[in-house]
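Reading through the structure tokens given below for one structure.
In the text below, chain A, chain B and the rest are named by the order of the sequence lines, each starting its count at 1. As a basis for the values below, the full set of heavy atoms in this structure was taken, side chains included, without hydrogen atoms, waters or symmetry mates.
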Amino acid sequence: MMIYQRPKGTRDLFALELKRIEAINYQARQFFESSGYVEIKTPTFEFAQLFARSIGETTDIVEKEMYLFEVDKRQYVLRPEGTASVLRAFIENNLRVPARFLYIGPMFRKERPQKGRYREFLQIGIELLGEGEPFYDAEMIEQANRFLNLIGLNEKIIEINSIGCPECRRRYKEKLLQYLKPKIDRVCPDCQRRFQRNFLRIFDCKNKTCQIIYTDAPKITDNLCDQCLNHYNQVKNFLNAFSIEYIENKKLVRGLDYYTRTVFEFKHRGLGAQNTILAGGRYDLLMKELGGKDLACLGWAMGVERLLLILPENLPEIKQKKKIFIIVIGERFISEMVKIRGLIQQRDGICILGNPSATLKSQLKKANRIQSDYVIIFGEDEEKKGVYTVRNMETGYQESVEIKSFADYLNKLLQ
RNA sequence: GUGAGUGUAGCUCAACUGGCAGAGCAUUGGACUGUGGCUCCAAUGGUUGGGGGUUCAAGUCCCCUCACUCACCCCA
């Protein structure tokens, strides 16, 4: 029956939903620009190799979730995340540190859609390049927390962890292996696969028996090298200094390979299975990995759709414009109609024209159906008296306004 | 990629063990010729997602397929 339909996991956005997205984006710009971040717009597609290199060849994103396409024998991909592009742009344009970037835009991952998860989805993220001190880990989290409070999201759970550096992880992996060896038959097949590919992610498993086994397993957090441990402890101290309430989750890990040391997630109840609204961490090795200088960096991203699922429907920033319907009776009044419309549009009102050949009744009916706030009527009677008739469609109150004082009248009406 | 649930008019949903496809809302017209909403009357609207099978007979039972939703995987 339906010939054309949108691709799975994409959405058509209309009136209120678009307004809500715009409201969030606007707030993000205001807030983060006031904290020294500058907006950056990178392309929505990049060379595929950029993400393979940064996110990790063996991650699910790179292995099966990328929208790949080839043009002129070159491999491209619709970006699955924002960080790699920002670093690429920073390196390519030879910018200076420390640098703070804000990005806003769509990302693409070929996953099965679910509540709060789409194939084309919107992210707002910030990146702080060239700051390695633990103070900035805490500041990033504090910024995220304050922004979410600002847009009305007070109930949230902040979880943090440290996944150390490659050196910590190498030693820890051996220790974990010792513990798991005798039990490896009892964990689920997914976990056996995970252990081979990205062993930290076994802790993400939701299988009951797996979780019981992992509860007593050694944790990366308890096996950090001195520097990483010191860094982590300082992050926690600074978070306390910022009065941020957080939970240490020793099982918290990340799905992207480039993270080091601090990782964190902001979660919310009542979002269903996809309950993470914001996530990020430190990625001190990525800049060098992508061919830049050896600079410590950190950042996070939040999912706009997930935010909108839990925020109230009418965000305070959305102001409704007045909708005014113009009725003239007879085609000879079209020039008058155009004049009125110009006055309304100059004053930022919404103006919709009725069909001049139709009856007053049918035009009013249409004005009502599209939920006009006011109707302006001009016909023979008004022409004789030199007035416009203005009808309030909610109350039904109607008044005559002198044509020469109409502009002033509109100023008040649309203020 | 795996599993479960759902698909009937533009929308929200009915139709007992297989037996004439229905209601409310919306739309259009009229009651009502420069005054919308309310009320009343009437009309329009369907390949029951698509294909195949069983049956005298399928919206209903069986198989396949497509779409949506939720969950797994994974992630914002």
Side-chain angles (χ1 to χ4, degrees), chain A residues 1-11 55-56 58-66 79-83 103-125 144 188-191 193-194 197-198 201-202 204-207 253-256 264-268 271-281 299-310 325 327-330 354 358-384 389-398:
Chain A
M1 186 151 65
M2 221 82 77
I3 302 172
Y4 296 112
Q5 46 191 334
R6 55 179 189 271
K8 188 192 290 288
T10 63
R11 301 182 305 155
I55 297 171
T58 63
T59 57
D60 278 39
I61 291 177
V62 170
E63 277 193 345
K64 55 186 191 191
E65 293 175 2
M66 297 212 297
R79 62 181 182 193
E81 60 110 39
T83 300
Y103 63 87
I104 297 174
M107 307 294 165
F108 306 85
R109 292 180 200 171
K110 193 177 145 297
E111 302 174 278
R112 282 284 278 270
Q114 216 172 301
K115 186 182 177 77
R117 193 171 77 185
Y118 304 93
R119 290 185 166 186
E120 177 176 12
F121 60 101
L122 301 169
Q123 279 194 342
I124 296 172
C188 67
D190 280 335
C191 278
R193 187 177 53 90
R194 283 194 193 98
R197 295 174 32 171
N198 185 339
R201 273 191 285 167
I202 59 171
D204 263 346
C205 188
K206 285 168 187 166
N207 183 301
V253 296
R254 311 264 60 228
L256 283 64
F264 52 86
E265 282 188 16
F266 286 53
K267 295 180 181 179
H268 190 273
L271 251 186
Q274 312 305 320
N275 60 359
T276 301
I277 52 175
L278 181 151
W300 52 250
M302 59 186 162
V304 175
E305 288 85 354
R306 289 181 189 180
L307 262 181
L308 291 176
L309 278 175
I310 49 184
F325 194 92
I327 296 176
V328 299
I329 301 156
T359 60
L360 174 61
K361 184 190 179 78
S362 70
Q363 293 195 67
L364 265 175
K365 212 166 179 176
K366 190 183 284 182
N368 181 56
R369 190 166 60 224
I370 63 173
Q371 298 175 53
S372 310
D373 296 298
Y374 297 93
V375 167
I376 293 166
I377 302 166
F378 190 75
E380 281 182 22
D381 295 355
E382 284 79 5
E383 186 187 32
K384 277 182 206 146
T389 298
V390 179
R391 183 178 181 84
N392 180 323
M393 289 299 278
E394 195 189 343
T395 64
Y397 175 75
Q398 195 166 293

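Distance A:R109 CZ to B:C75 P: 8 Å, rounded to the nearest Å. In this structure, CD of A:E120 is placed 17 Å from C1' of B:C75, rounded to the nearest angstrom. One can place CZ of A:R117 at 8 Å from P of B:C72, the figure rounded to the nearest angstrom.
Looking at heavy-atom distances under 4.0 Å, A:A367 makes no contact with the nucleic acid at all. Across all strands, A:E380 comes closer than 4.0 Å to base atoms (heavy-atom distances). At a threshold of 4.0 angstrom between heavy atoms, the contacts of A:G116 include nucleobase atoms, whether or not backbone atoms are also involved. If you check every strand for non-hydrogen atoms under 4.0 Å, A:Y118 touches a base. Within the 4.0 angstrom heavy-atom criterion, no nucleotide atom of any strand lies near A:I327. Using a 4.0 Å heavy-atom distance criterion, A:Q363 is classed as making no nucleic acid contact.
Using a 4.0 Å cut-off, some side-chain N or O of A:R369 falls inside it from OP1 or OP2 of B:U28. Contact annotation: A:K8 reaches the phosphate of B:C68 (side-chain N/O to OP1 or OP2, under 4.0 Å). Contact check, A:K361 against B:G36: a side-chain N or O comes under 4.0 Å of OP1 or OP2. OP1 and OP2 of B:U69 both lie 4.0 Å or more from every side-chain N or O belonging to A:R112. Between A:R254 and B:A76 there is a side-chain polar atom (N or O) within less than 4.0 angstrom of OP1 or OP2.
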Decide yes or no on salt bridge (Lys or Arg N to Asp or Glu O under 4.0 Å) for A:R254 and A:E265, but give the supporting numbers first.
CA-CA 9 Å; A:R254 311 264 60 228; A:E265 282 188 16; 2.6 Å; yes

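Under the Watson-Crick or G-U wobble criterion, with both distances below 3.5 Å, B:A23 is paired with B:U12. The nucleotide B:G1 finds its pairing partner in B:C72, both defining distances of the Watson-Crick or G-U wobble pair being shorter than 3.5 Å.
The separation of B:U54 from B:G18, taken at their C1' atoms, amounts to 12 Å, rounded to a whole angstrom. Here the separation of B:C70 from B:U12, taken at their P atoms, is 16 Å to the nearest Å. If you take atom P in B:G1 and the same atom in B:U8, they sit 25 Å apart, rounded to whole Å.
Put simply, the side chain of A:Q398 and the base of B:U35 share a donor and an acceptor less than 3.5 Å apart. Contact annotation: side chain of A:R306 to base of B:C75, donor-acceptor pair present below 3.5 Å.
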